[in-house]
Amino acid sequence: MKTVLMVAEKPSLAQSIAKILSKGNCTSRKGLNGACSVHEYTGSFQGQTVRFKMTSVCGHVMSLDFIGKYNNWDKVDPAELFSKALTEKKEANPKLNMVKFLQVEARGCDYVVLWLDCDKEGENICFEVLDAIEPVMSKGSGRERSVYRAKFSSITDTDIWKAMNGLGEPNRNEALSVDARQELDLRIGCAFTRFQTKYFQGKYGNLDSSLISFGPCQTPTLGFCVERHDKIQSFKPETYWVLQAKVFKGKDSPLTLDWNRVRVFDREVGQMFVNLTKTFLEAQVESVSKKEKAKQRPQALNTVEMLRVASSALGMGPQHTMQIAERLYTQGYISYPRTETTHYPENFDLKGTLEQQTNNPFWAEEVKALLSTGLNRPRKGTDAGDHPPITPMRAASERELGSDGWRLYDYITRHFIATVSQDCKYLQTTIDFNIGTEAFSCSGKTLISPGYTAVMPWQGIPLEEAMPACERGETFTVDEIKLLEKQTSPPDYLTEAELITLMEKHGIGTDASIPVHINNICQRNYVTVENGRKLKPTNLGIVLVHGYYKTDAELVLPTIRSAVEKQLTLISLGKANYQQVLQHTLDIFKRKFHYFVDSIPSMDELMEVSFSPIAATGKPLSRCGKCHRFMKYIQAKPSRLHCSHCDETYSLPQNGAIKLYKELRCPLDDFELVLWTSGARGKSYPLCPYCFSNPPFRDMKKGMGCNECTHPSCQHSLNSLGIGQCVECDSGVLVLDPISGPKWRMACNKCNVVVHFFEHAHRVQVAQESCDACDASLVAVDFNKIRTPLPAGETQHTGCVFCDLVFQDLVELKHATMRHRGGGARRGRGRGRGRRGNPKKPKDKMAALAAYFV
Ligand SMILES: [Zn+2]
Ligand SMILES: [Zn+2]
Ligand SMILES: [Zn+2]
Ligand SMILES: [Zn+2]
Ligand SMILES: [Zn+2]
């Protein structure tokens, strides 16, 4: 029997689709990566009986990155990232072992059906999957077709079966447009980001950002927020005057009339009109008009509109909204939530969709009424040809969806019902008055039929007091004439909904990327989300945008990005060449980059105003190994050390305190060591500021302290202070914390484990010898004479912290380990792993080092 492999985008989708296609008769097992399951059943495919194997990936299988050496910030000129640097696709999440998993499942399969989500990202993943599995699939006879693509918009029986019966092919062009976007964003983003981050971080002490990032789409997005900020800042309120008249008839309460001149900006002129009008005691009705008007039902819902409403009405950010919407889609409640389409195709089963909502207590009445009077045709919208508009696909209750899930579903469903309802109809009555020579009017709305506003009450016509019945020529008594003084008010900060509108209008970002970019500018601390989901730029966000604008306005304006997005669309349609678009765009940005580098001083002028120079911040702490002068410790995030004489900045571990470490020096470079502490009871370790940024050994990575340093003879290194393998994690070593006395402790150099021991010891040292039983380094302890726990008042003892009977009760770890692993397990663990458990082997230090770092 032949085998058909089928791959969906997420485990939950694979499960739902398999359940539909196997009619509930599939057997499931976990895949080798533990994250994905495989669902198997027998069925028919292309007229033959086959074995189906449905599984999934977890989003993108691969991600794009530079090859090894170009990831080094210090050794690579960022300009090289535009063309010289090579990129490669790496597994997006190596822990998932996705390629291996796919290959194991695909080995010997005859056909593959791709069930990835039907958007460009999904199309791109199709080819990632194919690249992984094609080499191991069984080679069919001759030219038989083996790759199929399923196209679907919702996880419902109808849609999934329709897709299965009309399989197509994956679209290479759409996948390429995603490749192009990834490559452009990586190269342009990294080049600008690395250059700026290095340049500014070495210069300013209180620059509160670890990364000054640039993104070809992120930056124009931020630009919109800063543009609004600038408008607010430069706004000068103006005073204006309004003539207000109140009139009444008989015993009716007075009507407030609007002045037809609206307002004047000159007080004298305003006063003149008051004086002119005040002499009249009566207002003449000049005309009465009644017009029937309609408030249009909404167009069918697309992603951007959903994001806007979710932000403004439900208070949910775009990223969060997309996550919820995707969950609703995966569970089959709504159709695919990434779409630009606002038009229902002719054959869409609107009635069937509506019928599913007849039992929901919140809108059953409206739905039943619609079904009996007949659905209204939805308004014409745009058909992007991707998916139907976002539509509820099955009934749901508040209980099964959870709070935010329900709120979003509730809105999507009400919106859907509204699109097939009647428009809202109302009567607009306008009465025009003359008081002397001045014209006034007043108007009001009365509801004729609520139409769609019955299910979307927030859009309903506000209740107003009825307009008085009157006719032309009638007179009203003037109650009051007043001159009101008012001020023009500044615009407010952009709301998320307004930002989405701007991004859409200028063609930057797509339904898929808009939430990501907005999320990025929040997370990178360029804007903060204020009450009412208003986006207020931070000082850093403002300076950056102003700086780019001054250097090269096109870095901020949406124009270039929108042109690039158009090119990407052309690639996806097969109308533009992938290589040419890439080449051309990178050429432009490379020139922009060089110009930016040359003009950085003008950006710097702005930075100077907002941030203080690094040399003026911080306090002297430790000595530089090059010039032997004091370097300054800058505490503001990210905390750093700066030598103003050498003009060098050294990074430090974050989220803890830094102090001088006994004026000891690194034997390699003569820099004074500093000590990092995470708090009173937490762990601490010394580090060399130079080695921390410039690892001295091949197997060391950036950001390692002396507790991880593989220096063979340095007395602060792991080699001298390491005791034994960590009890919690696989790769860590417990290292003696040399300044922790009198409450001595050791801490893992990889995970958070801290082990307390020997409370009343004068001195704890790691000995040369190691334990015969477990290979851990022995520890020599010198106890306090009065409080020694040793028998017969002895004060000195050397032994293994894991095995020694005398130490047994003094090591907190002993109990923890016993409890966790049960007695002998620990010992087996140390042994089984050979030398890794032992950080030190006295006779051949180098061999020992090699052993636990391979
Ligand atoms: Zn120096
Ligand atoms: Zn050093
Ligand atoms: Zn060291
Ligand atoms: Zn550990
Ligand atoms: Zn031992």
Side-chain angles (χ1 to χ4, degrees), residues 72-75 197-207 612-636 638-654 656-678 683-722 732-733 735-739 747 749-750 766 839-840 845-846 848-850 852-853:
N72 188 325
W73 284 43
D74 298 317
K75 295 197 176 130
T197 303
K198 283 183 74 172
Y199 186 87
F200 291 117
Q201 248 171 30
K203 282 192 85 151
Y204 298 101
N206 58 343
L207 192 49
S612 26
I614 203 158
T617 31
K619 46 176 198 256
L621 180 74
S622 69
R623 283 179 194 271
C624 169
K626 296 182 187 170
C627 66
H628 295 106
R629 291 168 211 242
F630 278 107
M631 300 196 288
K632 278 183 167 176
Y633 170 49
I634 294 138
Q635 212 168 351
S639 51
R640 288 150 283 173
L641 276 171
H642 178 73
C643 176
S644 52
H645 185 257
C646 303
D647 195 20
E648 290 278 1
T649 307
Y650 301 98
S651 33
L652 291 171
Q654 304 297 310
I658 297 285
K659 54 186 178 191
L660 198 61
Y661 182 56
K662 302 178 180 169
E663 296 180 28
L664 294 168
R665 287 170 190 264
C666 171
L668 292 167
D669 47 48
D670 218 23
F671 271 68
E672 249 175 357
L673 302 181
V674 296
L675 188 82
W676 176 88
T677 352
S678 71
K683 60 180 180 181
S684 63
Y685 59 82
L687 65 119
C688 159
Y690 187 84
C691 296
F692 190 79
S693 301
N694 309 279
F697 302 114
R698 249 175 156 236
D699 53 3
M700 276 178 79
K701 291 198 198 95
K702 258 192 172 186
M704 287 183 164
C706 297
N707 63 340
E708 291 184 76
C709 172
T710 49
H711 193 296
S713 63
C714 167
Q715 52 167 330
H716 319 294
S717 72
L718 168 67
N719 190 41
S720 310
L721 297 177
V733 175
V735 183
L736 175 68
D737 184 340
I739 58 117
N749 60 6
K750 289 273 156 50
V766 181
K840 193 166 71 168
K845 286 177 180 170
M846 290 312 283
L849 285 171
Y852 56 80
F853 277 97

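Bear in mind that the values here come from a model prediction, so they are computed numbers and not experimental data. Note that the numbering runs from 1 along the sequence shown for the chain. Atoms within each ligand, like the ligands themselves, are counted from 1 in listed order. Worth knowing before you read on, the calculation uses all heavy atoms, side chains too, and leaves out hydrogens, waters and symmetry mates.
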With a 6.0 Å cut-off (strictly less than), is the heavy-atom count around CD of Glu648, excluding the residue itself, greater than 12?
yes
Take atom OH of Tyr690 as the centre, draw a 6.0 Å sphere, and report whether it contains more than 12 heavy atoms from other residues, nucleotides or ligands.
no
Protein N/O/S atoms closer than 2.8 Å to the Zn ion (ligand 1)
Cys624 SG, Cys627 SG, Cys643 SG, Cys646 SG
Run the numbers on Asp670 and His628 for side chain to side chain contact (heavy atoms under 4.5 Å, CB included), then give the verdict.
CA-CA 9 Å; Asp670 218 23; His628 295 106; 2.8 Å; yes
Which of parallel (below 30°), tilted (30 to 60°) and perpendicular (above 60°) describes Tyr650 and Phe671?
perpendicular
Sub-3.5 Å donor-acceptor pair from the side chain of Gln654 to the main-chain atoms of Leu652, do we have one?
yes
Phe697 side chain near Leu668 side chain, heavy-atom distance below 4.5 Å:
yes
Can you tell if the side chain of Asn707 reaches within under 4.5 Å of the side chain of Lys683, non-hydrogen atoms only?
no
The atom name of the N, O or S atom in Asp669 nearest to the Zn ion (ligand 2) is OD2
Within rounding of 10°, what is the angle whose vertex is the Zn ion (ligand 2) and whose arms end at SG of Cys688 and SG of Cys666?
120°
